[in-house]
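All residue numbers refer to positions in the sequence shown, counting from 1. Everything numeric here is computed off the predicted structure, so don't read it as measured data.
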Amino acid sequence: GNDTPADKKEVLVKELVLDSAVVDIVYLGKRHECLLLTTKKQRLYSSCDSGQSWHEITNQVDPTPSAHIRAEKIIVNAADKSVAVLQVQRQVDDRSAGIIDPAAKSLNSWHPYIFITEDSGRSWRKAWGRHHGLHSWVAHPSRRSWALVSWWNGACNKAEKAEGTESKEESDDPDREKPCMHRLMLTTDLGKTFLQIAQYVVQFSWGSAKINQSDRIYYTAYASKSSDQGKLSQWSTEVDFRAVDVNDQGRPASQITSLKHGNKFMISNEFILVAKVSSEERQTVNLMVSNDGANTWKAALLPSGMGELEEKWYTIVDTSEGAVLLHLNSETGATDTGRIFVSDSEGYKYSQSLLHNVRSSTGEVEFDKVVSLTGVYLANVVAQADSADAGYEKAKQAATESVEQDASEGSSVDRRHGRGWGKASRMAKEERTIRTVISFDKGGSWRYLKPPRVNSQGQPYFCAGKPLQDCALHLHGSSSWDLYAPFYSSENCVGIIMGTGNVGASLRFEPEETSTFFSRDGGLTWVEAHKGAFIYEFGDHGGLIVMADDLKKTGEVIFTWNEGESWYDFKVTNTPFEVDNIITEPNLTSTTFVMFGTREDGSGVVYYLKFDSLEFPACKGSSFADSVSSDYETWTASDGRGEGLC
């Protein structure tokens, strides 16, 4: 219909003010009806009505009267969303000793513990054991009560021991005299019991369900198991890639050494990719690939003598299209750009697809898939690659720290679309000339983004009529997260992409040059949705888009319910706040959103926004699409070249 429901109806808004800023917020429950959030002051809040009403539950997690907890991290089980794991620091007031010696430092020390909920956060129980330096918990892809868990134990905090500051709990630990090592454990009952799989482990992951290996555990570990285990900061022939199968009863079979000297690995879709040390002395590796579940391996063939990867830094950017897309950093040693290579269907032979692809100092690659379409990728490139980056060693260190996490997190595209949100460290002033390119054929060819004909005020752009290299649309990628929202697409909103950027010869970082752009045909054509930089989220299959100012404090929300044809704004609050993010339940089909941010005084705020009362008219006329009286239109994906549609 043509009437504008926004004029007559109100959007329902509920406000919650928190003790401090929101650190993380997750959806739980079979229908995503519950949410949990943690704050900067490490408190835990819960809602079981999609975010309308909230309760602080920090003190309800552990029923022990003298226990205090600080909430650190929430991990939701992908196989059953009513199950979640909460990592906490826990402290117990030791009153049992009667007289308290004020000089005893050990009393109120905090220790890492794990609590588990099986009813979306309504009740919690403590997992077995006290785990010093609990490191990670990786749920099985389909069995709800299975998980791989790792922790460091042994004499890992020698300094504390020497100073006599370890607590009674630590001095009672039977393993405290043993060498410090990273252990890999399996639980098949959500943390009630644990079974050791391996010691001296570096990385680990479940196998891929795509090749029926979800009950196999892959890991890398040191061959000699005697002294303290250090971080794997350089390639080492001491580390091998191994596998172990687990039967239906949760009992592991014997272990197989799958690839000697395999140091770092990743499992994504049908591919297993392992960096195998070629020369420890020269610190080079070969990328080994298997697409049959580690039965056979082939060394990746890179063009003309690039067989050895001279650096530890390559990133698998995507494997979802039946080929591996690899980002390899530039041979000059510069860490701020790299080259994209695309493999054949076996993941084995590679050809070069794109030069000078932007990467941040932490290894984040500005390369993303339009997840609702096949074969469409967006990337940012540096027009003239600069010399080696001075922050190289520091960045290398940061990459080492995150190595253990990588294996089970999938390719960087998997992570980006699954991770909700996270802000990178604030960037230095951008000196490079960055441009955005798009490919409609899985990286076969790339071109600049076609700019809108006019801006959101109906005026032509200053460079209109110039060739694309001087007048294209350029969008911010993931390494600008702290400044601008990166390009974004969702599986449930076919063809819709949003991003922040500008029209011109290259990407600009000044706020006054930045606008928010929108495509409804998979990146072929674009419109300027609004001047300024906004943060955005889709709902109702992309029919409803909600955004808020991303650069300055605001109390307003802007939305469209007709794919960006018209936008409405409404006031949410009279107390302006800095918006951190807008989220909606993971399948993006609802019309309720949760927006959160921080006020001037440091307190966190959460707003529940319900758009149902706008009474979106039901779509009609599906049988006569494209006619004037129909709400439907025929859309076929196209790369815009000539008449033929793909």
Side-chain angles (χ1 to χ4, degrees), residues 269 315-327 338-345 347 350-358 365-383 411-414 416-417 434-453 467-478 486-501 503 506-507 517-529 538 541-542 563-564 633-646:
N269 294 303
T315 306
I316 311 296
V317 287
D318 189 33
T319 60
S320 66
E321 304 269 354
V324 178
L325 275 84
L326 186 71
H327 171 109
R339 296 185 269 177
I340 297 282
F341 293 89
V342 182
S343 78
D344 60 5
S345 61
Y350 287 79
S351 51
Q352 188 166 283
S353 165
L354 185 65
L355 286 167
H356 309 315
N357 181 212
V358 175
V365 177
E366 301 217 342
F367 186 98
D368 210 355
K369 177 178 159 56
V370 175
V371 289
S372 62
L373 296 170
T374 305
V376 183
Y377 293 98
L378 279 163
N380 277 347
V381 293
V382 176
S411 69
S412 75
V413 166
D414 294 344
R416 189 160 306 146
H417 293 286
I434 292 175
R435 294 177 174 156
T436 301
V437 289
I438 191 165
S439 171
F440 296 103
D441 56 5
K442 293 189 189 179
S445 57
W446 294 87
R447 61 178 113 158
Y448 295 123
L449 296 182
K450 202 170 144 193
R453 211 170 38 79
L468 265 184
Q469 65 252 39
D470 302 320
C471 190
L473 172 61
H474 305 283
L475 300 172
H476 289 276
S478 51
F487 27 78
Y488 178 60
S489 61
S490 153
E491 270 159 357
N492 288 299
C493 309
V494 176
I496 291 182
I497 318 173
M498 289 197 79
T500 46
V503 170
S506 65
L507 189 60
F517 293 88
F518 173 78
S519 171
R520 51 199 290 268
D521 55 14
L524 200 57
T525 62
W526 294 81
V527 292
E528 184 179 284
F538 311 142
H541 299 290
E563 289 196 346
E633 60 184 345
T634 309
W635 181 70
T636 312
S638 156
D639 66 358
R641 278 186 292 208
E643 295 303 301
L645 295 167
C646 46

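- Across Ile497 and Leu378, no two heavy atoms sit closer than the pair CG2-CD1, 4.1 Å.
- In this structure, CD in Glu321 is found 11.5 Å from OG in Ser343, a value given to the nearest 0.5 Å.
- The closest side-chain heavy-atom distance from Phe517 to Pro452 is below 4.5 Å.
- Listed here is the closest heavy atom pair of Ala379 and Leu354: CB-CD2, 3.7 Å.
- Considering Val317, Ile438, Asp318, Asp368 in turn, Asp318 is the only one that fulfils the side chain to side chain contact (heavy atoms under 4.5 Å, CB included) rule with Tyr377.
- Residue Ser351 holds its OG atom at 12.0 Å from CD1 of Ile340, rounded to the nearest 0.5 Å.
- Test Ser439, Ser490, Ser489 against Val370 for side chain to side chain contact (heavy atoms under 4.5 Å, CB included) and you get one pass: Ser489.
- Interatomic distance, NZ of Lys369 versus CD of Glu491, reported as 8.5 Å (0.5 Å rounding).
- The shortest side-chain heavy-atom distance between Thr319 and Leu325 does not fall under the 4.5 Å cut-off.
- When all heavy atoms are compared, the tightest approach of His474 to Arg435 is ND1-CA, 3.4 Å.
- For the pair Tyr448 and Thr436, the minimum side-chain heavy-atom distance is 4.5 Å or more.
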For this session: Mind running side-chain contact (heavy atoms from CB on, under 4.5 Å) on Trp526 and Val503 for me, showing each step along the way?
Result: CA-CA 11 Å; Trp526 294 81; Val503 170; over 6 Å; no
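- Gln352 contributes atom CD, which lies 11.5 Å from atom CG of Leu326 (distance to the nearest 0.5 angstrom).
- A heavy-atom distance below 4.5 Å is not found between the side chains of Glu528 and Phe518.
- Minimum heavy-atom separation, Asn357 to His327: OD1-ND1, 3.0 Å.
- You'll find the side chain of Leu507 stays beyond 4.5 Å of the side chain of Leu475, heavy atoms only.
- Across every non-hydrogen atom of Val381 and Val437, the tightest pair is CG1-CG2, 4.2 Å.
- Side-chain contact between Leu449 and Ser519: absent, with no pair of heavy atoms (C-beta onward) separated by less than 4.5 Å.
- When Phe487, Trp446, Phe341 are each tested for a ring pair (Phe, Tyr, Trp, His ring centres under 6.0 Å) with Phe367, only one passes: Trp446.
- For Gly443 against Ser353, the heavy-atom pair with the smallest separation is O-OG, 2.6 Å.
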